[in-house]
Amino acid sequence: MNIVRYVGYAFLFFAVIMSGYEVVRYFDANYLRLMTVEQVWQSYNAMGMDSMRETVVESYFSGMLGDIFDFLIGLPLLFVLLLTGAFLMFISRHRDAAT
């Protein structure tokens with residue numbers, strides 16, 4: 001379970017880094033618009049995003065999966081990092097209580 005806790009620490013660390021980046025972007029543009037998962041994924045690997053969209057469209061449950069996929073990639077990356085890190089920290093806390 002320590003690995004889960006360390007991964008949670010990593011997610012929270014990257015959330016702190018991302019919040020600093022968002023603050024710099026805010027001061028540069030004078031408006032707050034958080035980067036979404038889609039924007040980061042597009043800048044990192046645009047071909048991967050296109051192939052993932054094709055996979056979702058070609059699946060049997062394309063309507064439902066398309067809505068879920070669009071919702072998830074539309075979330076701000078900062079919130080995804082914070083929530084994932086907090087969740088991993090939460091599920092890894094039970095091992096420490098037992099010892």
Side-chain angles (χ1 to χ4, degrees):
M1 264 331 222
N2 281 338
I3 292 174
V4 174
R5 176 168 287 183
Y6 294 142
V7 172
Y9 282 137
F11 271 95
L12 293 176
F13 172 75
F14 288 124
V16 169
I17 298 292
M18 190 68 193
S19 65
Y21 179 73
E22 293 292 349
V23 167
V24 169
R25 279 187 45 186
Y26 171 73
F27 286 136
D28 186 40
N30 288 333
Y31 67 92
L32 183 62
R33 185 165 183 200
L34 299 175
M35 289 184 68
T36 63
V37 174
E38 181 178 14
Q39 291 171 337
V40 174
W41 194 350
Q42 282 284 352
S43 67
Y44 179 69
N45 186 4
M47 296 291 291
M49 175 66 80
D50 295 337
S51 66
M52 183 61 103
R53 284 194 188 274
E54 290 174 11
T55 303
V56 168
V57 168
E58 293 172 357
S59 70
Y60 182 71
F61 298 106
S62 63
M64 180 180 66
L65 286 179
D67 293 340
I68 292 171
F69 182 72
D70 290 338
F71 173 74
L72 291 176
I73 65 170
L75 290 173
L77 181 63
L78 180 61
F79 294 146
V80 171
L81 291 172
L82 281 172
L83 290 176
T84 306
F87 175 73
L88 291 175
M89 295 297 291
F90 177 75
I91 65 171
S92 69
R93 70 178 168 79
H94 293 293
R95 184 174 188 278
D96 292 339
T99 56

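Along the sequence shown, residues are numbered consecutively beginning with 1.
Distance alone, capped at 3.5 Å, is enough to place a donor-acceptor pair between the S92 side chain and the M89 backbone.
Here CG of L32 is found 8.5 Å from CZ of R25. Values are rounded to the nearest 0.5 Å. A distance of 12.0 Å separates CD1 in I3 from CG in L88, rounded to the nearest 0.5 Å. The CG atom of L77 sits 8.0 Å away from the CD atom of E22 when rounded to the nearest 0.5 Å.
Following chains of ILVMFWY side-chain contacts shorter than 4.5 Å, one can reach M64 starting from Y60, so the two form part of one hydrophobic cluster. If you chain together hydrophobic residues whose side chains sit under 4.5 Å apart, W41 and L75 fall into the same group. A single hydrophobic cluster is not seen to contain both L83 and Y21; linkage of ILVMFWY side chains at heavy-atom distances under 4.5 Å, directly or through other members, places them apart. Both F71 and L65 belong to a single network of hydrophobic side chains, linked directly or stepwise wherever heavy atoms of I, L, V, M, F, W or Y lie under 4.5 Å apart. Both F27 and L34 are assigned to one and the same hydrophobic cluster, defined by single-linkage of ILVMFWY side chains at heavy-atom distances under 4.5 Å.
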Can I get a per-line list of side-chain donor-acceptor pairs under 3.5 Å for residues 10-19, giving both atom names and the distance, sequence neighbours left out?
| residue | atom | partner | partner atom | Å |
| --- | --- | --- | --- | --- |
| S19 | OG | A15 | O | 3.3 |
| S19 | OG | V16 | O | 2.7 |

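Here salt bridge (Lys or Arg N to Asp or Glu O under 4.0 Å) pairs that include residues 48-62, with residues two or more places apart or in two chains, are E38-R53, R53-D70.
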So I73 and M52, side-chain contact (heavy atoms from CB on, under 4.5 Å) or not? Walk me through it.
-> CA-CA 11 Å; I73 65 170; M52 183 61 103; over 6 Å; no
